[in-house]
Amino acid sequence: MAYDPRPIEPAIYKRWLEAGIFQPTPAGGGEPYVIVIPPPNVTAELHVGHALNNVVQDVLVRFERMRGRAVEWLPGTDHAGIATQNVIEKQLAAEGKTRFDLGREAFVARVWQFVRATGNTILEQLKTIGCSCDWSRTRFTLDDAYSRSVREVFVRLWDEGLIYRGHRVIHWCPHCLTALSDEEAEHHETQGNLYHIRYPLEDSSAFVTVATTRPETMFGDIGLVFNPKDSRYAQLTGKRVRIPLTEIAIPIATDAAVEQGFGTGLLKVTPAHDANDFDIARRVWPNSEMPLIMTEDGRMGGRADGRIPTDLQGLDRFEARKKLVTQLETEGLLVKVEQHNHSVRRCYRCDTVVEPRLSDQWFVKMKPLAEPVLAAYRKGEYGFVPERWRATYENWMEGIRDWNISRQLWWGHRIPVFTCANGHQWADRKDPTSCPKCGATVEQDPDVLDTWFSSWLWPFATFGWPDKTPDLERFYPGHTLVTAPEILFFWVARMLMSGYHFMGQRPFRMVYLTGTVRDMKHRKMSKSLGNGIDPREVVKLYGADALRWTLIAGSSIGADVILDPNDLETTFAPGRNFANKLWNIGQFVLAQLSQRAATIDEVDRRTLTLADRWILSRAQAVIREATHSLSDFRLDEAAKRCFEFAWNELADWYIEAVKPRLDDPAAKAVLTYCFDLTLRLLQPVVPFITEELWQKLPGRKANELLAAAAWPAVRPELEDPRADQEFGRVKTAIEQVRSIRAEYRVPPKTKLKATIVPRGNDKAATFDGERDTIVRLAQLEALALNGGTQGVGAHAVFGDGSEVVVALEGLVDVNQECQRLTDEYQRLDKQLTSLGARLTNESFVARAPKDVVAKEREKEKAWREQRDVLAGKLKSLGCS
RNA sequence: GGGCGAAUAGCUCAGCGGUUCAGAGCGCCUGCCUUACACGCAGGAUGUCGGGGGUUCGAAUCCCUCUUCGCCCACCA
């Protein structure tokens, strides 16, 4: 019967919750280990990216919990201003309404209603994949307490002069109807056109030609500029042109920002719809008006209707472009259209092409915040895993730009700026009823804050800041932050800045940046592409452990994870197969343990067999290596190493070897120790099945949980290099027989006679001690341990020159055998030749490290011995 | 235009200066329902480690360069 995780996983999770082990032990009970979750959007549903990210956190947290740390993994959600508002507006649209029909208050109430009803979805989904968050401290970025922190931060920054009102061209999303920060307007390489358009000179019938990618903005032009060094246009200085299709005359001037080589070298200046043009206009025509020619939703018109031909008014900007180009062509004003690839910014929430738009917004001065944080980074106060993010991060921090934090939305933290009838303006921690200076009536700024202006406080606002709470005292600063590199600037960099600024120290020491989950074509998995993998489906089909296994063991540190959404079976088979293997190891081990076995400390060490000593020694190695890998964020390495131990060492060899000795208390003790150890080591990665099996081990106390059990420690007294080596020899002997059997097509049931001719004095004892193991696992009827009865057979020489002879009367063809052995001899001889060359190479002997040379010498000795035995064998068989 | 990363078996990846280092999982081939497991057991096959150059006693591993992919940043309209 195969393992079925479905009934087991939810029950196990429930037990963990009931035991309360996800909450940190009370103060004093262990050094804290803190991770704050990257709060998913309240409206989010779990996708495979979340799964990867959170499983990584869960592995770290479970590992540290077992190591005795007081783990605080703080969960929560983000109110996600734009995204959430969009969801509700879509709902309203389906009802034929807009938010303006409801009005602000009713709209916000409706969003709250939605959030209260569905906001826990993603957190519940995290539970199904085993996340061991401290649910007692779940936070939401719009909670009252959290809002208080946000407001406090705003007021403090205001008082420090770091918040200001800026009049400039910002990124505007005509669909979301709000301003965006630079980070929220994503670059997309786009195939566009460069339109060469004639602008008629005012005082003659001549034209000048201007190249632009956005002809529809021409109605907002306030002039043309060319580079002062551009002799082609020198005579144009001071002249005026008319905007095509209009009577509007605009001046021509020079500005050094114009590149002579681009387009025609003449640039149209549209200051209200291009940040670059805005800068030029301020230099060249500081007193000119800067007409906005589009409405907020991206149609031609608005305040400057008068500048736009009637038939274009009200048209969407892209339709207007099409129509305008046709008109220009008809009028003979279009010289040519060149294909032109350039980068277009799109809204990160709705993918609409962003419209640069002149407006008034609140900004945070970032340089003063960034500088100390960058300096701290360079001093090594915090770091990134993988380290290669350094350049990206430093580059962004060095070139940091002010942050537009106002959003023209209703869902979010209302900006706490108040203006009175007499023009006094201030930021306030409480809502004032009248102006403190003049008593006049006050109005609050209508906008809300950028969502990230609340999430950048997550590592301390969640613990009660600005109050000096015990939680804040205990859990700040945190340790590791695990997140996707996509939000390095949005979130991570800003948390570092707020952490240093408001708490005076780093919010975490290490930032682990996971890779991105992609499909087989290396495209990012996304809803819109329909190439995603639904973790819930995977859990349903194969269990959370299988999902976790594939995500953890299948991806190296910070590397992208490529999964096949069209073949879940193959994608998640490794995890499912492994869980099944563990399950069956469990079935076997548990069947031997009707009652509590003796511990390995209770058995007489002298009764341990070679196999026992070997597996105990291997166990120490896996503890050492897994612990090291996990401490080093090498989760994949740790997972795979434990897999190897469980499957290839414990199951394939030890369990097989121990079968006849199941009555032996020593065998039971060793088996129990190894199985228990395996479960402990694997608990962080596959917590459900390991917990389930661990519960079944005899002697378990009530309420004792693996998830809260101790991480295994290396026991040096059990390390046994000699047993490693000797049992290695036994394994090789068995493998040689099996290999010969397969080669000569001897059916598995046919028992064979074999002889082992050990090399060296103490070697015979090794084989003799495990004689029974060899006989059984190699399917022998008799095993001789001497040089005597060799007869007709197949031969293999291994390791230090010990040899195996399998009697194959009538099956072995001498020629075939000669061929086999000759091939083997030649292979060895070739290796020896190259090794010999190296060892006689003076520069190698002189320059290579001594231990390397010594190792090579030893190797040479062993190979030579092996070769000599082979040579003797060939001779005795009469091979040529 | 800058920066970063990847290119290793049919597929997804590990290895990142010492040569029993050419690996794992999945897939493939040959036997096996051997009483824990066919989601398994045993035995196999498969790679000029993207191309070229260099450094070194020694390179899949370091440097340069080219090619191909991916990502990030950027005010060529």
Side-chain angles (χ1 to χ4, degrees), chain A residues 1-3 169 187 194 210-214 217 225 257-259 261-264 266-270 274-280 340 342-343 356 386 388-392 394-396 399 485-486 488-489 516 518 520 522-524 542 546 550 553-556 558-564 567 569-571 573-592 636-637 640 643-644 651-652 655-656 659 735 738-743 745-749 776-777 779 831 834-835 838 841-849 851-853 855-856 859 862-863:
Chain A
M1 266 282 283
Y3 170 60
V169 174
H187 287 276
L194 197 54
V210 174
T212 178
T213 54
R214 307 194 53 208
T217 63
V225 286
V258 182
E259 276 190 41
F262 189 89
T264 61
L266 264 182
L267 170 68
K268 62 190 268 308
V269 179
T270 321
D274 186 291
N276 206 20
D277 289 6
F278 177 77
D279 291 340
I280 294 175
H340 178 65
H342 60 132
S343 169
R388 73 181 125 85
W389 291 98
R390 167 177 287 276
T392 306
E394 285 189 335
N395 188 33
W396 188 80
E486 287 102 279
L488 179 58
F489 306 142
T516 308
R518 301 176 185 280
M520 302 306 275
H522 293 208
R523 296 175 308 183
K524 197 166 154 180
Y542 311 111
T550 293
S555 75
S556 185
D560 286 351
V561 186
I562 313 296
L563 303 176
D564 188 351
D567 190 359
E569 165 89 18
T570 300
T571 305
R576 182 200 54 176
N577 295 354
F578 184 44
N580 190 240
K581 187 70 182 183
L582 285 175
W583 182 254
N584 282 296
I585 292 173
Q587 297 315 295
F588 176 82
V589 172
L590 293 169
Q592 318 312 323
D636 58 322
E637 223 172 61
K640 284 180 191 152
F643 171 98
E644 259 173 39
D652 286 351
I655 286 184
E656 292 308 325
K659 275 179 178 172
E735 283 164 344
R738 284 170 173 174
S739 191
I740 288 169
R741 177 193 291 277
E743 187 159 347
R745 309 209 165 278
V746 181
K749 279 178 190 147
R776 228 163 14 83
L777 300 189
Q779 293 277 56
Q831 283 181 348
S834 91
L835 186 57
R838 207 172 320 143
N841 181 338
E842 277 174 40
S843 9
F844 172 73
V845 179
R847 299 192 190 192
D851 57 316
V852 172
V853 178
K855 230 162 81 187
E856 300 288 74
K859 209 187 293 170
W863 287 358

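The chains referred to below are lettered A, B, ... by the order of the sequence lines, with proteins before strands, and numbering in each begins at 1.
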[N] - base-pair partner by Watson-Crick or wobble geometry, distances under 3.5 Å:
N	value
B:A42	B:U30
B:A24	B:U12
B:U56	none
B:A6	B:U68
B:G1	B:C73

Do any side-chain nitrogens or oxygens of A:Lys640 fall under 4.0 Å of OP1 or OP2 in B:C13?
no

Are OP1 or OP2 of B:G40 and a side-chain N or O of A:Asn584 less than 4.0 angstrom apart?
no

Rounding to an integer number of angstrom, what distance separates B:U8 and B:C16 when you compare their C1' atoms?
12 Å

Could you check whether [X] gets within reach of a base, just the sugar-phosphate, or nothing at all, counting any heavy atom under 4.0 Å?
X	value
A:Lys855	nothing
A:Asp652	sugar-phosphate
A:Ala651	base
A:Glu656	base

With the sugar-phosphate defined as primed atoms, P, OP1 and OP2, and the base as all remaining atoms, what B/S/- string results for nucleotides 68-77 of chain B, 5' to 3', for protein heavy atoms under 4.0 Å?
--SSSSBBBB

From the list [options], which nucleotide is the closest neighbour of the side chain of [X]?
X	options	value
A:Arg576	B:C39, B:G43, B:G25	B:C39
A:Trp863	B:C39, B:C13, B:U20	B:U20
A:Lys581	B:U12, B:A36, B:C26	B:A36
A:Ala391	B:G3, B:U30, B:C11	B:G3
A:Pro748	B:C26, B:G31, B:U12	B:G31
A:Arg388	B:U30, B:A36, B:C4	B:C4

Under 3.5 Å, is there a donor-acceptor pair between the side chain of [X] and the main chain of [Y]?
X	Y	result
A:Thr516	A:Lys524	no
A:Asp636	A:Gly554	no
A:Arg741	A:Gln779	yes

Do the charged groups of A:Lys859 and A:Glu856 touch, with an N to O distance under 4.0 Å?
yes

Does the base of B:A42 carry an N or O that pairs as donor and acceptor with the side chain of A:Gln779 under 3.5 Å?
no

